[in-house]
Amino acid sequence: MAKKLLLIDGNSVAFRAFFALHNQLDRFVNADGLHTNAIYGFNTMLDHMIKAVKPTDMLVAFDAGKTTFRTAMYDNYKGGRAKTPGEFSEQMPYLKELLTARGIQHYQLKDYEADDIIGTLAGQADAAGYTTTIVTGDRDLTQLTTANTTVAVTVKGVSEVERYTPEHVQEKLGITPTQIIDMKGLTGDTSDNYPGVTKVGEKTALKLLKQYGSIEGVYENVDAMKKSKMKEHLIEDHDLAVRAKVLATIKRDAPITVKLADLAYDGPDTEKLIACYEQLGFESFLKKLKTQTATPAKPIAFTELTKANIAELAQFTKHVTFYLEMPTPNYHTSAFAGFAIGDEDKWYVSRNVELLLEPVAKDLLTSMTVTKDVFDMKRTMVGLNRLGIQLGKVDFDLLLVSYLLDTNDNSNDLGRLAEQHGYPDLQSDEVVYGKGVKRAIPDDDQRFFGHLAHKLAAISALKPQLLKDLEANEQAPLYDDIEKPLANVLAQMEMAGITVDSSRLKAMGSQFKERLSEIEQTIYQEAGEEFNINSPKQLGHILFEEMKLPVIKKTKTGYSTAVDVLEKLAPQAPIVANILRYRQISKIQSTYVEGLLDAIHSTDQKVHTRYLQTLTQTGRLSSVDPNLQNIPVRVEEGRRIRQAFVPSHPDWQIFSSDYSQIELRVLAHITHDENMQAAFKAGDDIHAATAMRIFKLDSPADVTPNIRRQAKAVNFGIVYGISDYGLSQNIGITRKAAHNFIEAYFTEYPGVKAYMDAIVKQAHEQGYVETIAHRRRYLPDIHAKSFNLRSFAERTAMNTPIQGSAADIIKIAMIRMQNKLKESGLQARMLLQVHDELIFEAPKEEIPTLEKLVPSVMDSAVQLEVPLKVESHFGDTWYDAK
DNA sequence: TTCTTCACG
DNA sequence: ACGTACGTGAAGAAC
């Protein structure tokens, strides 16, 4: 096999890494107080280069010390340099340990620099027919490039490199790699502190070399040059130039004791590397390592299920573990790859899901007495439903339970989740199936079936402990009475889907298209040139550089062109209003017209969203493929998108009910604040009531719309975990004024103040906060040293019980609602949930019934210290249900 | 992939 | 003195 050698200039790259991550020096400290930023950056570079080069041989060269043969000939060589920071030096021994653990040799040689080791080895490698890549932060090493040796110079930190080949050197400088030495001879090097010829810089040097080829060539011809200052300097500084050339020349014959033949790279010693990463506190590298090198699958016994032995499934009479494999995330459309079923005594597996339709299998799955343990019951239900099977009683859903125990455990990868809970024998899907375009179900039965059997084994093995943990957290009712029944309800809603009138959408689409091209032309005229209006970068260039509008806000990567910025600029240039208009329509067009059209199933003209039940940190649902929880409503133009959401039968209507102010009512409940509760009990307008209190108004008549708007913002701010700065930004007042509002608010609602203090304290003490249904959110950052992280965690502590309890309430209402619909024999169907709102379709005749039934179910879902209020609307489309 | 922007509660 | 409102998903551009 062709040999590929990777040579790394250790000191140079480590130094680059150190300064690239210098502003984060404090973040990169391990448990022992050791700085690790240079090691971290170095390691990133290694991953990068190994992936890019795939070396067969490797070595990292280091400088041996301060004195070298160069300092011997010129004692000011590299003189005058700033002292190496202690935070850097302390990392070097650990870097070398890391290299050893990674199976990479390192070498240093007394009296020589790393360059010379590299130059010598690269020369030997060239002669032996290797392909060599040299990594360094020092451009001088480009003198080593040959047809078979590339020099990769780090730019912008260490993860990005510029590759120098002889052609690239020629292109950039117009000289050959070896002429680089002559150039350095003429110019000298300020960073290494040796002079060349006075007044000769890169430009002049290049010109001379193009004409005369080398330093020697220059001096052979110096007498013939016409009289000039440069000629005088050349003659005068001849010795300096000759010395500089020697100093700049990298040795190709250093007396190294390391042999080219001994540099084989065979990958890391995983165990050592893990220990190393642990010591350094490199969490992300640990994680990466574990996914890459998961221990080979442990053998597991399984039986392939066939028609011949399917009768054996009758042995499962009490409970069974089941897993249905669908290779893509969208279970409404995914193919079926196979399944596994069984218990600790025997795992059965097959690729043929048709077998599930055999009576013995189907009876087992639909049974309400034989309980099922699964991973992701909603996914399983929808998948089975497509095969014509109704999943019966589920006892344990590993995904749901681990999410409830810790909302961060929401990985849809059973392998990773199992590992987190201390079951190491299951590989992740990424390892077994691959990722990206290479993802595929293995043809190898052993491998695929073994993986499926391990999945069942993991579900089964983790069940007892996780259920015990749930019990210990007082979360069993949350699981049994809310999340598990809810999974069922959500599955039915998703399968029902909602009908979308595609011709209506298309008609809107062509209108928007016309409008867009009109506005586009106007914008081009106003800008004086054509550009991509959707590109924040190009737009920023036009507005802030060409048109010189004032920069109001910057992002990490450039000028901000967000709405709030553009609104401030609008009075100054007419183009801005047009851009806002363009953005608005373009958003509706791309996301809602085109996006929604793509999501319609051709079979039934419906969209079938998936609600993610185990994702959010607060207990809310989220909706994907398509997201039906962010269909426009605030602006009329976008709102018309809702006209395309229609009932699935003629003479049916869309019916919707929403909770009014549910979060503030929850706030009044959990804070026990008497004043706030009184307002809700009296049926007052809460924002007006707040306005009267914080602005000390006597009569409701004094509450102007603007005052009410401000009070509303304060109410919202409280729910979000208020800060004076945030409030001031939101309603455009000074920070001081915002501060005063908040003070007044807390004086008027003392219960709220007491609660906010208490919940933050509680979060500090126990590390988590809870909702009324004992949903838990851990807040590790509550102890962070960083003000930012800690403040964020404190705001979260205030917000999560409110947002999360509201989520609990509507979940309970949904379960009861679905039961009511079934009991009452109504045809109405619950289709969507949008956080505080439920949307149904129903025959016209049932609307009066729903108008009573739905609000009564929703407002009685839980008993709070304040009443819950529900409002209902209906109409021929979702748009008309207002 | 990551960033920016913008749609919703 | 620090630099933020809470929770989401999708599209398009740039890397």
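Naming convention: chains lettered A, B, ... in sequence-line order (proteins, then strands); numbering from 1 in each chain.
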A.B. asks: Look through every strand shown and name the nucleotide pairing with C:dC2 as Watson-Crick or G-U wobble, where both distances are under 3.5 Å.
C.D. replies: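 Check on C:dC2: unpaired, no WC or wobble geometry under 3.5 Å.
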A.B. asks: Once hydrogens and angles are ignored, does a donor-acceptor distance under 3.5 Å link the base of B:dT5 to the side chain of A:Arg583?
C.D. replies: no
A.B. asks: Take the protein atom CD1 of A:Ile742 and the nucleotide atom P of C:dA5, then report the distance between them rounded to whole Å.
C.D. replies: 14 Å
A.B. asks: Nearest whole angstrom, please: distance from the P of B:dT5 to the OH of A:Tyr559.
C.D. replies: 14 Å
A.B. asks: For C:dA10, give its Watson-Crick or G-U wobble partner with both distances under 3.5 Å, or none.
C.D. replies: B:dT5
A.B. asks: Do A:Arg777 and A:Thr800 have side-chain atoms, one donor and one acceptor, less than 3.5 Å apart?
C.D. replies: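 Present: a donor and an acceptor within the cut-off.
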A.B. asks: Specify the separation, in whole Å, of atom CZ of A:Phe645 and atom C1' of B:dC8.
C.D. replies: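 Those two atoms, CZ and C1', are 12 Å apart.
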A.B. asks: Taking any heavy-atom pair under 4.0 Å as a contact, classify A:Ser560: base, sugar-phosphate, or nothing.
C.D. replies: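 Contact class for A:Ser560: sugar-phosphate only.
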A.B. asks: Just to be sure I understand the rule, does A:Gly717 reach a base, reach only the sugar-phosphate, or reach nothing, if contact means heavy atoms closer than 4.0 Å?
C.D. replies: base
A.B. asks: Flag the pair A:Lys513 and A:Glu594 as a salt bridge only when some basic side-chain nitrogen lies within less than 4.0 angstrom of an acidic carboxylate oxygen.
C.D. replies: no
A.B. asks: Determine the contact category for A:Ile588: base if any of its heavy atoms lies under 4.0 Å from a base atom, sugar-phosphate if only primed atoms, P, OP1 or OP2 are that close, otherwise nothing.
C.D. replies: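 Nothing, no nucleic acid heavy atom in range.
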A.B. asks: Side-chain N or O of A:Asn532 versus OP1/OP2 of C:dA13: is the shortest distance under 4.0 Å?
C.D. replies: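 For A:Asn532, the contact criterion (side-chain N or O under 4.0 Å from OP1 or OP2 of C:dA13) is met.
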A.B. asks: Can you find an N or O donor on one side and an acceptor on the other, under 3.5 Å apart, linking the side chain of A:Ser723 with the base of C:dT4?
C.D. replies: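 Yes.
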A.B. asks: Has A:Ser535 got a side-chain N or O lying under 4.0 Å from the OP1 or OP2 atom of C:dA14?
C.D. replies: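 Yes, such a contact exists.
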A.B. asks: Quick check on C:dG7: is either OP1 or OP2 less than 4.0 Å from any side-chain nitrogen or oxygen of A:Thr618?
C.D. replies: no
A.B. asks: Please state whether the phosphate of C:dG9, meaning OP1 or OP2, lies under 4.0 angstrom from any side-chain nitrogen or oxygen of A:Ser622.
C.D. replies: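 Yes, within the criterion.
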A.B. asks: Which nucleotide in the list B:dC6, C:dA14, C:dA11 gets nearest to the side chain of A:Ala562?
C.D. replies: B:dC6
A.B. asks: Is any side-chain nitrogen or oxygen of A:Ser623 closer than 4.0 Å to OP1 or OP2 of C:dT8?
C.D. replies: no
A.B. asks: Ring stacking, A:Tyr725 with base of C:dT4, under 5.5 Å and under 30°?
C.D. replies: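 Stacking is present between C:dT4 and A:Tyr725, given that their ring centres fall under 5.5 Å apart and the planes under 30°.
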A.B. asks: Do A:Arg777 side-chain and C:dG7 base share a donor-acceptor contact under 3.5 Å?
C.D. replies: no
A.B. asks: Once you apply a heavy-atom cut-off of 4.0 Å, does A:Ser586 come out as touching a base, just sugar-phosphate, or nothing?
C.D. replies: nothing
A.B. asks: Name the closest nucleotide to the A:Asn627 side chain, picking from B:dT4, C:dG9, B:dG9.
C.D. replies: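 Closest nucleotide to the A:Asn627 side chain: C:dG9.
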A.B. asks: C:dA10, C:dA13, B:dG9: which one has an atom nearest the side-chain heavy atoms of A:Asn534?
C.D. replies: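 Nearest to the side chain of A:Asn534 among the choices is C:dA13.
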A.B. asks: Just checking A:Leu621: base, sugar-phosphate only, or nothing, at a heavy-atom cut-off of under 4.0 Å?
C.D. replies: nothing
A.B. asks: Check every atom of C:dC6, C:dT8, B:dT5 against the side chain of A:Gln617 and return the nucleotide holding the closest atom.
C.D. replies: C:dT8
A.B. asks: Please state how far atom CD in A:Glu794 lies from atom P in C:dT4, giving the value in whole angstrom units.
C.D. replies: 16 Å
A.B. asks: Do A:Lys553 and A:Asp564 meet the salt-bridge criterion of a basic N to acidic O distance under 4.0 Å?
C.D. replies: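 Looking at A:Asp564 and A:Lys553, the cut-off is met.
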A.B. asks: Considering only atom C1', compute the distance from B:dC6 to C:dG3 and round it to an integer number of Å.
C.D. replies: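 Approximately 23 Å lies between the C1' atom of B:dC6 and that of C:dG3.
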A.B. asks: Is A:Val834 touching bases, backbone alone, or none of the nucleic acid, heavy atoms closer than 4.0 Å?
C.D. replies: sugar-phosphate
A.B. asks: Does A:Arg775 come within less than 4.0 Å of A:Asp808, counting only side-chain N to carboxylate O?
C.D. replies: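 Looking at A:Asp808 together with A:Arg775, the answer is yes, because their closest N to O distance falls below 4.0 Å.
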A.B. asks: Answer yes or no for this row: A:Phe787 ring on C:dC2 base, centroids under 5.5 Å, planes under 30°.
C.D. replies: no
A.B. asks: Roughly how many Å is it from CD1 in A:Ile631 to P in C:dA10, rounded to a whole number?
C.D. replies: 11 Å
A.B. asks: Taking only side-chain N and O atoms of A:Thr555, does any of them lie within less than 4.0 angstrom of OP1 or OP2 on B:dC3?
C.D. replies: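 A:Thr555 to B:dC3 OP1/OP2: no side-chain N or O under 4.0 Å.
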A.B. asks: Taking atom types as they are modelled, would you say the side chain of A:Gln803 forms a donor-acceptor pair with the base of C:dC6 within the 3.5 Å cutoff?
C.D. replies: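 Side chain to base: pair found, below 3.5 Å.
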A.B. asks: May I ask you to say what A:Thr800 touches in the nucleic acid, namely base, sugar-phosphate or nothing, with a heavy-atom cut-off under 4.0 Å?
C.D. replies: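 No contact.
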A.B. asks: Which of these nucleotides, C:dT4, C:dA5, C:dG7, is closest to any side-chain atom of A:Asn788?
C.D. replies: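 Per side-chain heavy atoms of A:Asn788, the pick is C:dT4.
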A.B. asks: Which one, C:dG7, C:dA13, C:dG3, comes nearest to the side chain of A:Asn799?
C.D. replies: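 For A:Asn799, the side-chain atoms sit closest to C:dG7.
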A.B. asks: When we call it a touch if two heavy atoms are under 4.0 Å apart, what does A:Ala599 touch: a base, just sugar-phosphate, or nothing?
C.D. replies: nothing
A.B. asks: Do A:Lys882 and A:Glu636 meet the salt-bridge criterion of a basic N to acidic O distance under 4.0 Å?
C.D. replies: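 Looking at A:Lys882 together with A:Glu636, the answer is no, because their closest N to O distance does not fall below 4.0 Å.
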A.B. asks: More 5' along DNA chain C: A:Gln538 or A:Val624, using each one's nearest nucleotide?
C.D. replies: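 The residue whose closest nucleotide sits nearer the 5' end is A:Val624.
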A.B. asks: Between A:Lys378 and A:Glu494, does any side-chain N to carboxylate O distance fall below 4.0 Å?
C.D. replies: yes
A.B. asks: Please confirm whether any donor atom in the side chain of A:Arg634 sits under 3.5 Å from an acceptor in the base of B:dG9, or the reverse.
C.D. replies: yes
A.B. asks: Run the side chain to side chain contact (heavy atoms under 4.5 Å, CB included) test against A:Asp409 and tell me which residues pass, sequence neighbours left out.
C.D. replies: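 By the side chain to side chain contact (heavy atoms under 4.5 Å, CB included) rule, A:Asp409 matches A:Ser402, A:Asp406, A:Gln420, A:His421.
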A.B. asks: Write down the distance separating the P atoms in C:dC2 and B:dA7, rounded off to the nearest Å.
C.D. replies: 33 Å
A.B. asks: Could you tell me the separation between the CZ atom of A:Arg620 and the P atom of C:dG9, rounded to a whole number of Å?
C.D. replies: 11 Å
A.B. asks: A:Ile552 CD1 to B:dT5 P: how many Å, rounded?
C.D. replies: 13 Å
A.B. asks: Under 4.0 Å, counting only non-hydrogen atoms across every strand here, what does A:Phe716 touch: a base, just sugar-phosphate, or nothing?
C.D. replies: nothing
A.B. asks: Could you measure between the two P atoms, the one in B:dC3 and the one in C:dT4, and give it in whole Å?
C.D. replies: 15 Å
A.B. asks: Distance check needed: B:dA7 P versus A:Leu832 CG, whole Å only.
C.D. replies: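 Those two atoms, CG and P, are 20 Å apart.
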A.B. asks: Does A:Asp757 pair with A:Lys753 as a salt bridge, N-O distance under 4.0 Å?
C.D. replies: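 Between A:Lys753 and A:Asp757 there is a salt bridge, with a charged N closer than 4.0 Å to a carboxylate O.
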A.B. asks: Between A:Lys537 and C:dG12, is there a side-chain N or O to OP1/OP2 distance below 4.0 Å?
C.D. replies: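 False: A:Lys537 side-chain N/O out of range (4.0 Å or more) of C:dG12 OP1/OP2.
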A.B. asks: Between C:dA5 and A:Arg795, is there an OP1 or OP2 to side-chain N/O distance shorter than 4.0 Å?
C.D. replies: no
A.B. asks: Could one point to a donor on the side chain of A:Lys556 or the base of B:dC3 with an acceptor on the other under 3.5 Å away?
C.D. replies: no
A.B. asks: What orientation do A:Trp878 and A:Phe645 show, parallel under 30°, tilted 30 to 60°, or perpendicular over 60°?
C.D. replies: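 Geometry flag for A:Phe645 against A:Trp878: perpendicular rings.
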A.B. asks: Which of these nucleotides, C:dG7, B:dA7, C:dA10, is closest to any side-chain atom of A:Asp625?
C.D. replies: C:dA10
